[in-house]
Amino acid sequence: MSSADIYRELILDYYRNPRNFGKLDKFDIDSRDTNPLCGDEIEMQIRVGDGKKIEEIKFVGKGCAISQASASMLTELAKGKPLEWVKEVSKEDVFKLLGNPDLGPSRVKCALLGMKVLKTGVYGYLGAHYEDQDGSDPMV
Ligand code: FES
């Protein structure tokens with residue numbers, strides 16, 4: 001079995017048995033987006049814990065194997081990380097999780113949908129909970 005075959009199997013496994021699939025009862029971040037090319041969508045919910053860490057994260061969605069697998073893999077990677085870590089996540093990180101498959105432009109959008117949802121949600125939260133270096137609220 002080639003490494004491409006192994007990753008193909010892995011993507012299908014995440015698609016059929018998505019990790020962290022579902023909705024949270026309590027959450028601080030709720031973010032969703034749609035792939036404009038196909039209408040498929042992903043929603044992610046995050047509960048933020050002490051130290052602005054991703055305490056819990058789940059997703060729901062419908063779409064192709066690549067979009068659902070990459071979203072699921074990202075939730076696994078994100079759990080327990082500080083929210084600030086999300087700023088560091090790159091396209092290359094997502095491609096690496098998927099085994100660097102040879103993706104055409106439309107499939108790239110599939111692969112990156114989960115990352116877009118994650119970043120949009122976390123950036124919105126960080127913006128709304130911005131604190132100055134000393135921890136004070138700059139709007140007060
Ligand atoms: Fe719709 Fe991939 S075909 S997200």
Side-chain angles (χ1 to χ4, degrees):
M1 216 184 209
S2 70
S3 71
D5 290 337
I6 293 169
Y7 273 104
R8 204 168 299 126
E9 286 293 315
L10 191 67
I11 288 168
L12 282 175
D13 184 49
Y14 270 84
Y15 178 56
R16 292 182 186 130
N17 311 293
R19 283 59 147 184
N20 300 320
F21 190 85
K23 292 203 167 200
L24 295 174
D25 290 336
K26 288 185 180 166
F27 52 85
D28 303 288
I29 296 171
D30 187 12
S31 174
R32 72 175 70 202
D33 207 342
T34 304
N35 181 345
L37 298 179
C38 61
D40 291 340
E41 64 178 24
I42 286 177
E43 177 180 3
M44 270 186 203
Q45 295 178 328
I46 296 172
R47 190 161 61 239
V48 180
D50 291 344
K52 289 196 178 160
K53 284 208 170 113
I54 298 175
E55 186 176 87
E56 192 57 76
I57 177 167
K58 283 192 180 282
F59 84 102
V60 290
K62 62 172 184 62
C64 63
I66 290 184
S67 68
Q68 303 303 299
S70 68
S72 182
M73 289 170 173
L74 262 180
T75 60
E76 282 194 314
L77 197 63
K79 203 183 274 193
K81 300 262 190 349
L83 289 175
E84 289 285 333
W85 165 84
V86 171
K87 292 182 182 173
E88 317 279 307
V89 178
S90 68
K91 293 182 205 176
E92 288 68 31
D93 293 331
V94 176
F95 296 149
K96 199 166 152 196
L97 284 173
L98 295 168
N100 289 315
D102 191 11
L103 300 172
S106 64
R107 305 302 276 169
V108 164
K109 284 214 184 301
C110 302
L112 297 180
L113 182 59
M115 184 183 82
K116 194 172 166 210
V117 172
L118 178 66
K119 283 186 180 275
T120 304
V122 169
Y123 289 6
Y125 180 91
L126 288 174
H129 296 79
Y130 176 79
E131 290 170 350
D132 266 349
Q133 296 282 337
D134 64 3
S136 66
D137 184 339
M139 302 308 283
V140 179

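Indexing begins at 1, ligand by ligand and atom by atom, following the structure's order.
- Taking a cutoff of 4.0 Å between a charged side-chain nitrogen and a carboxylate oxygen, Arg47 and Asp25 do not qualify as a salt bridge.
- Between Asp93 and Lys96 no salt bridge is recorded (no basic side-chain N to carboxylate O distance below 4.0 Å).
- Annotation: the span from Asp28 atom CG to Ile54 atom CD1 amounts to 11.0 Å, rounded to 0.5 Å.
- Sorted by chain and number, the protein atoms of type N, O or S within less than 2.8 Å of atom 2 (Fe) of ligand 1 are Cys64 SG, Cys110 SG.
- Only one option out of Lys26, Lys79, Lys23 pairs with Glu56 in a salt bridge (Lys or Arg N to Asp or Glu O under 4.0 Å); it is Lys79.
- Across all their heavy atoms, Val60 and Phe21 have their closest contact at CA-CE1, 3.7 Å.
- Hydrophobic clustering, with ILVMFWY side chains joined whenever heavy atoms are under 4.5 angstrom apart, keeps Leu37 apart from Leu113.
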